[in-house]
Peer 1: 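Sharing a structure below in structure tokens format, with a few things to ask.
Small disclaimer: the values here were computed from a predicted structure and weren't measured.
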Amino acid sequence: MVRVRFAPSPTGHLHIGGARTALFNWLFARHHNGKFILRIEDTDRSRSTEEYIESIIEAMKWLGLDWDEGPFRQTDRTEIYQKYAYKLLEEGKAYRCYCTPEELEERRQKAMKEGKPPRYDRRCREIREILDKPFAIRFKMPVEGETVVHDLVKGHVTFKNSELEDLVILRSDGTPTYNFCVVVDDYEMEISHVIRGEDHLNNTPKQIHIYHALGMNPPNFAHIPMILGKDRSRLSKRHGATSVLAYRDEGYLSDAVVNYLVRLGWSHGDQEIFTREELIKYFNLEQVGKANAVFDSEKLLWLNSEYIKLTPEDKLYELVKPFLIKECYLNEGDSIDLKWACKAIKSLKERCRTLKELAHAMRYYLLDYVDIEPKAREKYINTETIPIIKEITEKLAQLNDFTQDKIEKIFMDMVNERGLKLAQIAQPIRVVITGSTVSPGIYEVLEIVGKEKTLKRLRRIINAS
RNA sequence: GGUCCCAUCGUCUAGCCAGGUCAAGGACGUAGCCCUCUCAAGGCUAAAACACGGGUUCGAAUCCCGUUGGGACCGCCA
């Protein structure tokens with residue numbers, strides 16, 4: 001039975017890198033009909049917050065990564081870790097360390113200055129008597145030999161045990177540390193595969209020794225490459241939005257984000273766009289690459305536009321509604337005709353890359369009047385074009401059946417009668433109606449805007465000139 | 001500094017494990033053309049990569065070694 005977990009620490013929002021780790025775990029579980037477990041690693045009490053836990057859960061839900069067990073919280077399990085830590089202490093596989101954090105920090109700084117490895121010098125390892133001082137519990141790492149990590153992505157990776165440190169497993173305040181918790185939890189939760197970021201690869205041999213000391217068999221490991229920013233350094237705020245929820249708020253579809261993320265490090269031949277079902281069907285660890293990947297927001301934008309094109313209009317309306325309300329193009333309680341909304345969205349969906357853009361474009365369908373861009377006004381609304389606008393307005397006013405076909409006929413008749421280019425009529429009208437030189441086809445726009453609003457906008461311009 | 005990981009177009013990647021079919025394929029982005037009432041979308045075309053040096057071999061993007069470059073980790077953080 002495949003059992004995997006995602007174990008974020010709530011010291012920040014769910015970011016792009018964490019989301020991909022969660023996604024790979026989720027996909028692996030679903031592919032193998034296994035279980036996906038959510039575990040909150042909140043043993044860093046000073047930095048973990050409730051707010052972040054909720055934010056992470058919200059992001060997971062938004063991405064559609066549902067879990068089968070949890071969320072478990074390590075702070076609820078302190079006694080369990082203490083039990084195992086003391087077991088190791090009693091068996092002589094761990095020892096009391098009386099060095100204070102301040103002393104250790106001082107020695108670390110000194111070692112760094114002298115160019116020595118900043119590692120704990122094991123000075124408390126041989127103390128036999130029990131001192132009446134606060135202590136942390138340290139794990140006795142083997143001093144010689146080698147440890148091999150059999151990694152499903154990286155292959156066999158060998159570490160010299162002499163490089164491993166006697167790490168603290170229980171702090172002096174009785175709380176456990178990360179490297180100890182993971183081992184205990186992954187064992188107790190019967191995790192079969194640990195899929196996590198490559199930044200944990202160096203921790204793995206240490207964890208393997210803890211497993212052995214506890215008499216447990218280590219799980220399978222798979223360390224996936226990192227996601228880097230445009231400058232090839234670790235992805236951070238400097239590179240723009242890194243929080244998953246920020247992408248939701250910017251108008252990205254969760255399926256697009258998932259699709260983008262999965263292709264960072266994983267591939268299935270030349271295929272770029274996948275349904276969830278395909279992802280579950282095809283996902284495997286064999287096709288996960290070894291090299292780090294640079295996050296490319298342009299490609300995400302492209303994928304998002306592809307997903308917008310693939311999404312039916314009525315569904316898009318539901319998705320874009322919050323953005324319309326936020327931009328005040330629509331009031332909270334207002335109900336607009338769904339058929340009409342779909343028509344409006346259909347005209348715009350292949351011109352927008354995000355829901356935010358779509359909402360913004362919809363303003364000229366929803367509002368009574370629109371602001372006109374100064375440059376567009378200057379170029380297309382002047383003494384030469386006003387007569388044309390007037391003539392079209394009169395003809396449109398007489399049209400009872402305000403449909404695309406009929407509107408087109410009016411435009412074309414005028415083109416023929418007056419010997420004009422279509423653009424000479426279409427552009428000024430477009431500017432008056434949409435406030436911009438860019439929009440869907442003008443006949444389509446007019447039909448959707450409707451006779452009433454169209455005439456209102458045209459007449460206001462005519463009267464103002 | 002030590003240890004570990006990695007290396008195909010600007011970016012994501014296919015190909016590598018089982019060497020020849022690769023004068024290296026796809027996608028994003030970029031440029032041009034077509035379509036056209038504007039803008040997109042769509043169609044077509046183009047520029048663009050096997051980091052470098054050795055070796056093994058009849059033959060290397062593919063295997064080995066080294067160099068260089070990038071990343072990660074070395075906490076009573078996770």
Peer 1: Base, sugar-phosphate alone, or nothing: which one does F159(A) contact when heavy atoms must sit under 4.0 Å apart?
Peer 2: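 It contacts sugar-phosphate atoms only.
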Peer 1: Enumerate the protein-to-nucleotides 65-73 of chain B contacts in which both atoms are nitrogen or oxygen and the separation is below 3.5 Å.
Peer 2:
unit_1, atom_1, unit_2, atom_2, d
rG71(B), O2', N292(A), ND2, 3.0
rC73(B), OP1, R234(A), NH1, 2.8

Peer 1: Tell me the partner of rU30(B), counting only Watson-Crick (N1-N3 plus N6-O4 or O6-N4) or G-U wobble (N1-O2 and O6-N3) with both under 3.5 Å; none if nothing fits.
Peer 2: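 Base partner found: rA46(B).
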Peer 1: What is the nucleic acid contact for S46(A), judged by heavy atoms within less than 4.0 Å: base, sugar-phosphate only, or nothing?
Peer 2: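 Contact class for S46(A): none.
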Peer 1: Can you tell me which nucleotide in rC6(B), rA27(B), rG25(B) comes closest to the side chain of A291(A)?
Peer 2: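 Given the options rC6(B), rA27(B), rG25(B), the side chain of A291(A) is closest to rC6(B).
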Peer 1: Between rG59(B) and rA49(B), how many Å separate the two P atoms, rounded to a whole number?
Peer 2: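 Rounded to whole Å, the distance is 26 Å.
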Peer 1: Find the distance N179(A):CG to rC74(B):P and express it as a whole number of Å.
Peer 2: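 In whole Å, rC74(B) P and N179(A) CG are 8 Å from each other.
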Peer 1: From rC76(B), rC74(B), rG26(B), pick the nucleotide closest to the side chain of R138(A)?
Peer 2: rC76(B)
Peer 1: Tell me which nucleotide among rC12(B), rA78(B), rA14(B) gets nearest to the side chain of T43(A).
Peer 2: rA78(B)
Peer 1: Take atom P in rU8(B) and the same atom in rC63(B), then report the distance between them in whole Å.
Peer 2: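 After rounding to an integer number of Å, I get 13 Å for this pair.
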Peer 1: Whether R5(A) and D185(A) form a salt bridge (side-chain N of Lys/Arg under 4.0 Å from carboxylate O of Asp/Glu) is what I want to check.
Peer 2: no
Peer 1: Regarding rG26(B), can its base be found pairing with the side chain of E272(A) as donor and acceptor, where the two atoms are less than 3.5 Å apart?
Peer 2: yes
Peer 1: Once each nucleotide of nucleotides 33-49 of chain B is scored for protein heavy atoms under 4.0 Å, what B/S/- sequence comes out, 5' to 3'?
Peer 2: ----BBBBSS-------
Peer 1: Look through every strand shown and name the nucleotide pairing with rA40(B) as Watson-Crick or G-U wobble, where both distances are under 3.5 Å.
Peer 2: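 Across any shown strand, rA40(B) pairs with none.
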Peer 1: Starting from C1' on rC4(B), measure out to CD on Q207(A) and report it in whole angstrom.
Peer 2: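 About 15 Å, once rounded to whole Å.
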Peer 1: Take atom NZ in K140(A); do more than 12 heavy atoms of anything else shown fall under 6.0 Å from it?
Peer 2: yes
Peer 1: Verify the distance criterion only: is there a donor paired with an acceptor across the side chains of E444(A) and Q404(A) at less than 3.5 Å?
Peer 2: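 No.
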Peer 1: If you measure from the P atom in rA48(B) to the same atom in rG70(B), how many Å do you get, rounded?
Peer 2: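 Between the two P atoms, the distance is 26 Å.
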Peer 1: What do you reckon, are the aromatic ring centroids of H150(A) and F221(A) less than 6.0 Å apart?
Peer 2: no
Peer 1: If I pick the C1' atom on rC12(B) and the same atom on rG32(B), what distance separates them, to the nearest angstrom?
Peer 2: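 It comes out at 25 Å once rounded to the nearest Å.
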Peer 1: Can you tell me the distance, in whole Å, between the CD atom of Q287(A) and the C1' atom of rC12(B)?
Peer 2: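 Atom CD in Q287(A) sits about 15 Å away from atom C1' in rC12(B).
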Peer 1: Provide, to the nearest angstrom, the distance between the CZ atom belonging to R122(A) and the P atom belonging to rC76(B).
Peer 2: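 Distance check: R122(A) CZ to rC76(B) P gives 14 Å.
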Peer 1: Taking any heavy-atom pair under 4.0 Å as a contact, classify C99(A): base, sugar-phosphate, or nothing.
Peer 2: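 If one applies the 4.0 Å heavy-atom cut-off, C99(A) turns out to touch a base.
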Peer 1: So E165(A), base contact, sugar-phosphate only, or nothing? Heavy-atom distance under 4.0 Å.
Peer 2: sugar-phosphate
Peer 1: Is the closest basic N to carboxylate O distance between E103(A) and R107(A) below 4.0 Å?
Peer 2: yes
Peer 1: Could you verify whether a donor N or O on one side chain and an acceptor N or O on the other, from T177(A) and N179(A), lie under 3.5 Å apart?
Peer 2: no
Peer 1: Rounded to the Å, how far apart are K230(A) NZ and rG10(B) C1'?
Peer 2: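 Distance check: K230(A) NZ to rG10(B) C1' gives 8 Å.
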Peer 1: Please report the distance separating the P of rA60(B) from the corresponding atom of rA51(B), rounded so that it comes out in whole Å.
Peer 2: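 Each nucleotide's P atom is 15 Å from the other's.
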Peer 1: Quick one: are the ring centres of Y52(A) and H13(A) less than 6.0 Å apart?
Peer 2: yes
Peer 1: For L104(A), report the nucleic acid contact type (base, sugar-phosphate, nothing); a contact means any heavy atom under 4.0 Å.
Peer 2: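 Base contact.
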Peer 1: Take the protein atom OH of Y260(A) and the nucleotide atom P of rA27(B), then report the distance between them rounded to whole Å.
Peer 2: 17 Å
Peer 1: Describe the nucleic acid contact of G289(A) in one word from base, sugar-phosphate, nothing, applying a heavy-atom distance below 4.0 Å.
Peer 2: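 Answer is nothing: G289(A) stays at 4.0 Å or more from every strand.
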Peer 1: Could you tell me the Watson-Crick or G-U partner of rA61(B), where both distances fall under 3.5 Å? Say none if there is no partner.
Peer 2: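 WC or wobble partner does not exist here.
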Peer 1: If you measure from the C1' atom in rC17(B) to the same atom in rG54(B), how many Å do you get, rounded?
Peer 2: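 Each nucleotide's C1' atom is 23 Å from the other's.
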Peer 1: Quick check with a 6.0 Å cut-off and a 45 degree axis cone: is R363(A) positioned over the face of Y329(A)'s six-membered ring?
Peer 2: no
Peer 1: Not counting sequence neighbours, which residues clear salt bridge (charged side-chain N to carboxylate O under 4.0 Å, His left out) with R418(A)? List them please.
Peer 2: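 If we apply the salt bridge (charged side-chain N to carboxylate O under 4.0 Å, His left out) test to R418(A), skipping adjacent residues, the hits are E391(A).
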Peer 1: Look at the side chain of K290(A) and the base of rC6(B), then say whether one donor and one acceptor between them are separated by less than 3.5 Å.
Peer 2: no
Peer 1: Assess whether salt bridge (Lys or Arg N to Asp or Glu O under 4.0 Å) is satisfied between K356(A) and E250(A), documenting all intermediate values.
Peer 2: CA-CA 6 Å; K356(A) 212 175 176 178; E250(A) 281 301 305; 3.2 Å; yes
Peer 1: Considering all heavy atoms of both residues, which atom of G441(A) and which atom of R351(A) are nearest to each other, and what is their separation?
Peer 2: N-NH2, 4.5 Å
Peer 1: Which nucleotide in the set rU11(B), rU3(B), rA78(B) lies at the smallest distance from any side-chain heavy atom of E163(A)?
Peer 2: rU3(B)
